[in-house]
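Because the structure is a prediction, the values reported are computed rather than measured. Here, residue 1 is the first one in the sequence, and each next residue gets the next number. Counting starts at 1 for both ligands and their atoms, following the listed order.
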Amino acid sequence: MNIPRKHSGSDLTIFSEMSALAQQHNAINLSQGFPDYEIDGRLKKLLAKACDTNHNQYAPLQGNPLLIDNLASFNQNRTLPLSISKEEITIVPGATYAIYTALATILQPGDEVIVFDPCYDSYVPAIEMNGGKPIFVPLNEKFELNWLDLENAISDKTKAIIINSPNNPSGKIWSATAIDKFWNYIKDREIFIISDEVYDLLVYDDAVFYSALHHPEIRKRCFSIFSFGKMFHITGWKMGYIIACEALSTAFRRIHQYLTFCANAPAQQALAEYIEIFDPKENQKTMQSKRDFFLQLMQDSPFEIKSPAQGSYFQTMNFKNYQPNMSDKDFSVWLTIERKVATIPVSAFYHDQRNTGNIRFCFAKKEETLEQAAKNLRF
Ligand code: PMP
Ligand code: GLN
């Protein structure tokens, strides 16, 4: 059977590949981004309660009304408040889905979408599957943007730009100043922004999360995407939400209703009740201490940390002092098999899979897991 390919991504994502390799070799899995610790027991109980209290049939297309209300309050209560009306929120089955559906909402065949290189692995396939053409704007070795490259990439065909802060894989965050500057490059054209903000609650060292929605002009053309998987450490629930102005939300739902109709109903009820008792500050502290603990453990390793993650739960490190001749992919495989620690080669986030000399660790793990991994990595 010959089924033509619809995207340039791999047949098996690097996350599936490295997690499978970790399992096969009984390695500590710091590759795919997911927590290995227990989730909050109250959330487990709320999900069971939601089933017991008959939240088992379709939810409204837009989402459970209590969840939407509570998300509006949650956003209002951020350190930098976001005033969002209920009409601007849609509950979705995960951020990956929301990114795809936002692209399906706006793209016509041949439209160009700018992505930064490196970027999260689902963006380019999602653009291509929706008939769009990815345009790559390279970041430098420190994952920084040269604004001139962005300016040069923008054309009459540019329909959208995908941004991601806190960033996977770099751990970098966009400041308010950067968002303001970004606006200057797009303000005279009708370009949509898809802002992947799934690590919104994970920012460190007193940094404050700044959403694209905080910018009053960008907000009018922006889809901001969030994931309960990251917020509440439940990646397997595959639940998230998207915020966009009313006109864009209506356009989004026009597609969303035929892709899934609505997201999982009992999960929505449980999330609605949980968000009332969840403490984002406590959560941030816990994750900061994990990042700090991991960085401290890795000080004695042969890996070079160029800069500590400002956000997300990923830390990239350079291994070139240790293994100058190995590609990052080969090194990741070797590390998994020989040192029993699985990581993600940073090349997987580049469109040409170029060798980077960097690997990405996920530190959303129990202290004992991080300790054991660090022991294995002291050569
Ligand atoms: N965007 C980024 C930057 C991510 O790291 C991830 C990983 N989970 C996603 C989107 C997808 O989130 P979800 O699991 O909610 O689809
Ligand atoms: N977002 C996760 C990561 O970057 C992986 C999600 C997935 O497996 N597709 O590790």
Side-chain angles (χ1 to χ4, degrees), residues 7 9-23 28-36 39 63 90-103 115-127 139 143 162-174 193-203 209 211-212 223-243 256 259-260 263-264 267-268 271 287 309-316 332 336 342-350 358-365:
H7 64 70
S10 37
D11 281 351
L12 189 65
T13 80
I14 190 71
F15 307 113
S16 308
E17 189 182 337
M18 292 310 298
S19 276
L21 196 70
Q23 205 163 15
I28 299 168
N29 191 356
L30 306 190
S31 66
Q32 195 177 22
F34 63 86
D36 73 339
I39 67 164
T90 307
I91 310 302
V92 288
T96 311
Y97 169 93
I99 293 161
Y100 179 92
T101 307
L103 288 163
V115 291
F116 297 107
D117 197 25
C119 66
Y120 184 59
D121 77 329
S122 84
Y123 301 164
V124 170
I127 293 165
L139 302 180
F143 303 108
I162 305 183
I163 59 177
N164 170 215
S165 172
N167 187 271
N168 180 7
S170 73
K172 291 238 178 264
I173 55 179
W174 281 53
I193 306 307
I194 296 178
S195 187
D196 180 345
E197 304 182 355
V198 299
Y199 299 105
D200 59 333
L201 303 187
L202 306 179
V203 294
F209 168 68
S211 167
F223 297 89
S224 276
I225 291 162
F226 303 87
S227 171
F228 293 112
K230 315 294 167 182
M231 287 171 72
F232 300 151
H233 312 278
I234 45 167
T235 60
W237 286 35
K238 290 301 299 187
M239 294 289 292
Y241 69 103
I242 179 162
I243 300 179
H256 167 66
L259 288 183
T260 179
N264 182 296
Q268 290 195 58
L271 292 166
M287 297 310 289
Q310 298 170 316
S312 83
Y313 45 48
F314 302 115
Q315 179 66 54
T316 59
S332 296
T336 308
T343 64
I344 298 288
V346 172
S347 56
F349 297 87
Y350 283 88
N358 295 316
I359 49 178
R360 191 201 74 176
F361 294 89
C362 171
F363 56 77
K365 303 290 170 189

K.L.:
Can you list everything that forms a side chain to side chain contact (heavy atoms under 4.5 Å, CB included) with N358? Sequence neighbours excluded, please.
P.N.:
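For N358 the side chain to side chain contact (heavy atoms under 4.5 Å, CB included) partners, ignoring immediate neighbours, are N318, V346, T356.
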K.L.:
Apply side chain to side chain contact (heavy atoms under 4.5 Å, CB included) to Y97 and H256, showing your working.
P.N.:
CA-CA 9 Å; Y97 169 93; H256 167 66; 2.7 Å; yes
K.L.:
Before signing off on this row, confirm whether G33 and ligand 2 have an N or O atom pair separated by under 3.5 Å.
P.N.:
yes
K.L.:
Counting both backbone and side chain atoms, is some N or O of T13 under 3.5 Å from an N or O of ligand 2?
P.N.:
no
K.L.:
Looking only at protein heavy atoms, which one is nearest to atom 1 (N) of ligand 2, and how far off is it?
P.N.:
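Result: Y120 OH, 3.3 Å.
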K.L.:
Tell me which part of M18 gets within contact of ligand 2: side chain, backbone, both or neither, using heavy atoms under 4.0 Å.
P.N.:
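None of M18 does.
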K.L.:
Report the residue from T96, D200, T101, I99 that forms a side-chain contact (heavy atoms from CB on, under 4.5 Å) with I225.
P.N.:
I99
K.L.:
Could you tell me whether a side-chain N or O of Q315 sits under 3.5 Å from a main-chain N or O of F361, the two making a donor and an acceptor?
P.N.:
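Side chain of Q315 to backbone of F361: no pair is present.
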K.L.:
Taking only residues two or more places apart in sequence, or in another chain, which ones meet D117 in a side chain to side chain contact (heavy atoms under 4.5 Å, CB included)?
P.N.:
F136, Y350, H351, R354
K.L.:
Filter the ligand 1-protein atom pairs down to N or O on both sides and distance under 3.5 Å, then list them.
P.N.:
residue	atom	partner	partner atom	Å
ligand 1	1 (N)	D196	OD1	3.4
ligand 1	1 (N)	D196	OD2	2.5
ligand 1	5 (O)	N168	ND2	2.8
ligand 1	5 (O)	Y199	OH	2.6
ligand 1	8 (N)	K230	NZ	2.4
ligand 1	14 (O)	K238	NZ	3.0
ligand 1	15 (O)	A95	N	2.9
ligand 1	15 (O)	S227	OG	2.8
ligand 1	16 (O)	A95	N	3.1
ligand 1	16 (O)	T96	N	2.9
ligand 1	16 (O)	T96	OG1	2.6
ligand 1	16 (O)	K238	NZ	2.7

K.L.:
Using a 4.0 Å heavy-atom cut-off, say whether F34 meets ligand 2 through its side chain, its backbone, both or neither.
P.N.:
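Near ligand 2, F34 shows nothing, with every heavy atom at 4.0 Å or more.
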K.L.:
Just by distance, do the side chain of N164 and the backbone of D196 share a donor-acceptor pair under 3.5 Å?
P.N.:
yes
K.L.:
Which atoms of ligand 2 are found less than 4.0 Å from any heavy atom of N168?
P.N.:
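Within the 4.0 Å cut-off of N168, ligand 2 contributes 3 (C), 4 (O).
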K.L.:
Provide, to 0.1 Å, the distance between atom 8 (O) of ligand 2 and the closest protein heavy atom, together with that atom's residue and name.
P.N.:
Q32 NE2, 2.6 Å
K.L.:
Mark yes or no for whether E197, through its side chain, and A212, through its backbone, hold a donor-acceptor pair below 3.5 Å.
P.N.:
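Present.
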K.L.:
Only pairs under 3.5 Å count here: list side-chain donor-acceptor contacts from residues 229-240, not counting sequence neighbours, and write none if there are none.
P.N.:
residue	atom	partner	partner atom	Å
K230	NZ	Y199	OH	3.4
H233	ND1	Y37	OH	2.9
H233	NE2	N283	OD1	2.6

K.L.:
How long is the gap from CD1 on I173 to OG on S170, to the nearest 0.5 Å?
P.N.:
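So the CD1 of I173 and the OG of S170 are separated by 10.0 Å.
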K.L.:
With atoms numbered from 1 as shown, which atoms in ligand 2 lie under 4.0 angstrom from a non-hydrogen atom of K230?
P.N.:
1 (N)
K.L.:
Distance check, rounded to the nearest 0.5 Å: C362 atom SG versus F15 atom CZ?
P.N.:
10.5 Å
